[in-house]
Amino acid sequence: MKTHFTRASLVTAIAVASIGLGQAQAADYNFSFAHVLIEETPNGQAALAFKKEVEEQSGGRISINVLPAAQVGGDVEIIEQVQMGLVDIGIPPTATLGNFEPRMQLLDLPFLISSYDDVETVLDGQVGREILDTLEDDNMHAFNFWGAGFRHMTNNVRPIETPEDLAAIRMRTMQAPIIISTYENYGANATAMAFTEVYNGLQQGVVEGQENPLANIYTMRFHEVQDYLSLTNHAYHAYAAVMNSDAWESLPEDLQLVMQEAFDNGRDTARRLTQEDETTILEEIQDEIAINDITPENRQAFVEASMPVHEEYTEIVTADLLHKVYDAIGIEH
């Protein structure tokens, strides 16, 4: 059952989580950092590294209270809380941010960004900055893009080799219109579900499949309740590192520099740990779930089957931004 957080209950949850943090009481600035991931994930570890760096480099003037594992709600709730200033910092997925700023959905177009080189070119370049700046109107200051690697598909019906293989499969998706549209376009039955509810949903048969990066599949143990893992690499699972605008503007310039550098190092840590983990994860789960790659020919079939989604969202994400991404990674348009 979905948990609904009132302002009072949220404040109480954050206060309880802060008990015993002596440094928080002594700091000039006390910020909460909420996310839905468990601490063992690369991004969960990067959040802890971010906390340590900020507190050390600020000389104790800033304290960061990390609230992992959806302690104060799912991604939608965390975004709302960052906007209201009930939570100061978050790393929500770009697809979920698309519910608040439609242009953020651009990065979740299927089979658009297909390599780590593309990730650096687009996300860390000028067009990435333009996409991040769209959140200013939503009372959020965005720093950069963290990420959990490329998303893959798992299910209990059949290996996914072609778009047609997804026909009628009940696929869990994020609470994001563009992801729902993608699976409906492939012929699947898309069901939006909070991340923390997915394991039970798969185990009980409410949904038959899901998509996530390897780090999330492994740490959430989805491979225990799924028969097939198809390495589709169909979208990069980007998280936008955001902060409540008022909280950000409350900092003097020297501490803003500390925060920006720590966010950049957190991004690099998350990406490095993700790539280091991927080979190990595949080795550890290969006896528990059938793993298949997608042939170049079938990948091209997926690309072609994805073009209607690109066309559907061109006006939403704006042709200007989409064409800048196409140009950056060499896609003809």
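The figures here come from the full heavy-atom set of this structure, side chains too, leaving out hydrogens, waters and symmetry mates. Fair warning: this is a prediction, and the values are worked out from it, not measured in the lab. Position 1 is the first residue of the sequence, and the numbers go up from there.
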Tell me if a side-chain donor or acceptor on [X] pairs with a main-chain N or O of [Y] at a distance below 3.5 Å.
X    : Y    : answer
N156 : D227 : yes
N139 : Q83  : yes
R170 : V206 : yes
D117 : E120 : no
T318 : E315 : no
Q105 : P102 : yes
Q81  : V72  : yes
Q45  : E39  : yes
T182 : I178 : yes
D75  : V36  : no

For [X] versus [Y], what's the shortest heavy-atom pair and its separation?
X    : Y    : value
G149 : P213 : O-CG, 4.0 Å
A47  : H35  : CB-NE2, 4.0 Å
E136 : S245 : OE1-OG, 4.1 Å
T196 : A70  : CG2-CB, 3.7 Å
A46  : W146 : CB-CZ3, 3.7 Å
L109 : V309 : CD2-O, 4.0 Å

Find the distance between [atom1] ([X]) and [atom2] ([Y]) and round it off to the nearest 0.5 Å.
X    : Y    : atom1 : atom2 : result
S58  : M259 : OG    : CE    : 9.0 Å
L112 : L322 : CG    : CG    : 6.5 Å
E161 : L166 : CD    : CG    : 11.0 Å
T274 : N216 : OG1   : CG    : 8.5 Å
E77  : T96  : CD    : OG1   : 10.0 Å
R272 : N265 : CZ    : CG    : 10.5 Å

Report yes if some heavy atom in the side chain of [X] is under 4.5 Å from a heavy atom in the side chain of [Y]; otherwise report no.
X    : Y    : value
T134 : M104 : yes
L282 : E278 : no
L107 : F145 : yes
M140 : L97  : yes
V82  : D88  : no
L123 : D118 : no
N233 : S114 : no
Y199 : R221 : yes

Is it the case that [X] and [Y] place a side-chain donor and acceptor less than 3.5 Å from each other?
X    : Y    : value
T162 : N298 : no
E211 : H152 : no
H310 : Y326 : yes
N65  : S32  : no
S306 : Y186 : yes
Q175 : N99  : no

- prompt: Does the distance from a Lys or Arg side-chain N to an Asp or Glu carboxylate O, for R271 and D124, drop under 4.0 Å?
  reply: yes
field: Charged N-O contact under 4.0 Å between R129 and D133
entry: yes
- prompt: What do the steps show when you test D264 against N144 for side-chain hydrogen bond (donor to acceptor under 3.5 Å, both in side chains), and what is the final call?
  reply: CA-CA 7 Å; D264 287 344; N144 53 26; 2.9 Å; yes
How are the rings of [X] and [Y] set relative to one another: parallel (under 30°), tilted (30 to 60°) or perpendicular (over 60°)?
X    : Y    : value
F50  : F33  : perpendicular
H223 : Y218 : parallel
W248 : F143 : perpendicular

Chi angles and distances behind the side-chain contact (heavy atoms from CB on, under 4.5 Å) call for V242, I91: CA-CA 6 Å; V242 297; I91 47 170; over 6 Å; no
Find out if a path of hydrophobic residues (ILVMFWY) with successive side-chain heavy-atom gaps under 4.5 Å connects [X] to [Y].
X    : Y    : value
L106 : I316 : yes
F222 : Y228 : no
L67  : M243 : yes
I180 : V207 : no
V87  : L135 : yes

statement: Tested for side chain to side chain contact (heavy atoms under 4.5 Å, CB included) against N212, the lone hit among R172, M220, M153 is R172
- request: Would you sort out whether D108 and R151 count as a salt bridge (charged side-chain N to carboxylate O under 4.0 Å, His left out), showing the intermediate values?
  value: CA-CA 10 Å; D108 293 279; R151 295 202 291 270; 3.2 Å; yes
- prompt: Between Q210 and T154, does a side-chain hydrogen bond (donor to acceptor under 3.5 Å, both in side chains) hold up when you go through it step by step?
  reply: CA-CA 6 Å; Q210 62 84 47; T154 69; 2.8 Å; yes
query: Just wondering, are more than 12 heavy atoms of other shown residues or ligands nearer than 6.0 Å to CD in Q126?
result: no
- prompt: Can you list the steps and then say if K324 with D320 is a salt bridge (charged side-chain N to carboxylate O under 4.0 Å, His left out)?
  reply: CA-CA 6 Å; K324 285 180 179 178; D320 178 58; 3.5 Å; yes
task: Apply the test side-chain hydrogen bond (donor to acceptor under 3.5 Å, both in side chains) to residues S181 and E312: give CA-CA distance (whole Å), side-chain angles for both, the deciding distance (0.1 Å), then the verdict.
output: CA-CA 9 Å; S181 179; E312 175 188 354; 2.7 Å; yes
task: Enumerate the residue pairs fulfilling side chain to side chain donor-acceptor pair (under 3.5 Å) with a member in residues 249-258, sequence neighbours excluded, ordered by first and then second residue.
output: R61-D254
query: Under the side-chain hydrogen bond (donor to acceptor under 3.5 Å, both in side chains) criterion, do D327 and H333 qualify, and how do the steps go?
result: CA-CA 9 Å; D327 291 340; H333 58 88; 2.9 Å; yes
